[in-house]
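Presented below is the structure to which this report refers.
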Amino acid sequence: MAEYSAPEARTGTLRVKSGLAQMLKGGVIMDVVNAEQARIAEEAGACAVMALERIPADIRADGGVARMSDPDLINEIKNAVTIPVMAKCRIGHFVEAQILESLEIDYIDESEVLTPADEANHVDKHAFRIPFVCGATDLGEALRRINEGAAMIRTKGEAGTGNVVEAVRHMRAIHGGIARLRAAREDELYAAAKELRAPYELVVSVAKTGALPVVNFSAGGIATPADAALMMQLGADGVFVGSGIYKSEDPPARARAIVEAVTHFNEPDVLARVSAGLKEAMPGIEISSLRESELLQSRGW
Amino acid sequence: MAGKICIGVVAVQGAFVEHESMFARLGAATRRVRTSEDLLGLHAITIPGGETTTLRRIAGDSGLIDGLRTARQAGVPMLGTCAGLISLADAISDGSDPIIGGLDITVRRNGYGRQIASFEAEVSVTAIGEDALVEAVFIRAPILERVGDDVVVHALYQGDPVAVSSGECLGVTFHPELTSDHRFHQWLYERAVGYANAHRTRSQEDVSVRA
């Protein structure tokens, strides 16, 4: 056996942070507001849960300032399940992030669903041992978040609407952006970086590999198994489902169906079977009926 | 001819693409396994890291776990990493039922703690490729609480076994698919070749008996 000299463990490295996201791929991350919902999600096959006080549809309905959840609630959910637990902090609110780190949750979502705390700066995510997931609407935004240390990206969609159209727009924007970089000449990448408002080195890496350097899930508006499979076929590595489950008539059945749809996203026969008899989906909101100021996706810079 | 070696990669949930690229570099063809029908004709199977409860739920309901257990009992070589190792363990310390089984070990899920305790470190590897210190990535990794007498230890971290095999089953608590170290995938590939040869010989014998 090779010489053994008590090797030092390195925690919080980028590989360890983005590695957890790699293990979540092909899975469904579900919003839950209490321990009972968390157990339903785990039982349904969720690969992680997002602990929060109110699901996006209710945040939207209630109005006011939406903040990090009560640590008691987060701990209650953490103790209820063995799968990874995520929680949200406000954009730029690094103290909420510090609190979430001290609670030892598994992933922090710096989320536009909560009211932003800083209109210029996001959290410096390199400063944390806990990994971060951040929302993005296009390639430039995704690369800016990765540059700040995000170990996972999710397209924003429009949370709390049950309408998948924005999720589709954002996923297509990211993959379209990647395709354009792949096709660009090397000497065009400087201008591309400027246009994307993203670091040149990351732009070069995407042009070379044809992929983001971290996992990219889809979020915001997924309400049915077909929605989830649609996002997977468009290139998502997995999906977040928030209001879509617990605003529907039969949450456990819908949760299981969406999990199966993500595993078998390319098999219409399976999708047909799991879509049958699910009772009512969440009602949903037409995006054009929302005022500009009601859009969550435009939060983040 | 048995044709090209084909290794199944269980693709229910988790890091299956990373395993596919490891085998691609070794020149082995892979097939994604989502249902028990996908198991037909495979020479070896990899069970990647992911969430154990998700695997148990989806693969249990669809009959894939039963299929994997039958394949393992028929001697198809298997490699499990992290959650994959948990699914090959004969016992899980929280008392939940074994998933596939095959390795005489007792495993504790998330043995080092939550994500904040996930880490990279060098582990000392033996009896698989050349003895070496190898970089390893542990993510919410399990700990082996008990290792049976007939189990071979292939890697140690701080004196504790982190890679073990028994017969045609190899389990690793970390993620070789996230680094560039091929030795565990090479082990499975070589076993796959052996399995393919054994089965080719048998089918040729069948032919000669009939002739």
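This one's a predicted model, so the numbers in the text were calculated from it and none came from an experiment. Numbers restart at 1 for each chain; the letters A, B, ... are given by sequence-line order, proteins then strands.
For the pair B:Q13 and A:M23, the tightest heavy-atom approach, listed with the atom from each and the gap, is NE2-O, 2.7 Å. Nearest heavy-atom pair, B:S118 versus A:V16, reported as atom, atom and distance to 0.1 Å: CB-CG1, 3.4 Å. Closest approach of A:H264 and B:T35 over heavy atoms only: CE1-CG2, 4.1 Å. Shortest non-hydrogen contact noted between A:A9 and B:A121 is CA-CB, 4.2 Å.
Heavy-atom pairs under 4.5 Å with chain B were tallied for A:A44, A:S18, A:G19, A:G27; the largest tally goes to A:A44. The greatest number of non-hydrogen atom pairs below 4.5 Å with chain B, out of A:V259, A:V81, A:I130, A:I83, is found for A:I83. When B:E51, B:E120, B:E130 are compared by the number of non-hydrogen pairs under 4.5 Å with chain A, B:E120 comes out ahead. Counting heavy-atom pairs closer than 4.5 Å to chain B, the top-ranked of the candidates A:P84, A:G12, A:G26 is A:P84. Put simply, of B:G113, B:G14, B:A15, the one with the most heavy-atom pairs under 4.5 Å next to chain A is B:G14.
A:E36 CD: 12 or fewer foreign heavy atoms inside a 6.0 Å radius. In the displayed structure, A:F94 atom CZ is contacted under 6.0 Å by at most 12 heavy atoms of other residues, nucleotides or ligands.
Distance check: B:E18 CD to A:Q22 CD gives 4.5 Å after rounding to the nearest 0.5 Å. Note: B:F119 CZ to A:R129 CZ = 12.0 Å, rounded to the nearest 0.5 Å. To the nearest 0.5 angstrom, A:Y107 atom OH is 14.5 Å from B:R114 atom CZ.
For B:V12, the parts lying under 4.5 angstrom from a heavy atom of chain A are both the backbone and the side chain. Looking at B:E177, the atoms closer than 4.5 Å to chain A (heavy atoms on both sides) all sit in the side chain, from C-beta outward. The part of B:A117 that comes within reach of chain A is its backbone (N, CA, C, O), which places non-hydrogen atoms under 4.5 angstrom from that chain. The parts of A:E101 that come within reach of chain B are both its backbone and its side chain, each placing non-hydrogen atoms under 4.5 angstrom from that chain. For chain B, no part of A:A48 is nearby; none of its heavy atoms comes within less than 4.5 Å. For chain A, the nearby part of B:R140 is the side chain; its heavy atoms alone come within less than 4.5 Å. Using a 4.5 Å cut-off between heavy atoms, A:V262 does not touch chain B at all. In this structure, no portion of B:D94 lies under 4.5 Å from any heavy atom of chain A. Only the backbone of B:A11 comes within less than 4.5 Å of a heavy atom in chain A; its side chain stays farther off.
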Practice prompt. Just do the side-chain contact (heavy atoms from CB on, under 4.5 Å) check on B:I116 and A:T11 with the steps written out, would you?
Written response: CA-CA 7 Å; B:I116 197 159; A:T11 59; over 6 Å; no
Inset, instruction - Start with the C-alpha distance between B:Q115 and A:I105, add both sets of side-chain angles, then the distance that settles side-chain contact (heavy atoms from CB on, under 4.5 Å), and finish with yes or no. - result: CA-CA 7 Å; B:Q115 172 64 13; A:I105 59 151; over 6 Å; no
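Contact check for B:E122 versus A:E8: no side-chain heavy atoms found under the 4.5 Å cut-off. The closest side-chain heavy-atom distance from B:E135 to A:R15 is below 4.5 Å.
Under a 3.5 Å cut-off, the side chain of B:T53 and the backbone N or O of A:E42 do not form any donor-acceptor pair.
B:R109 and A:T82 share a side-chain donor-acceptor pair at under 3.5 Å.
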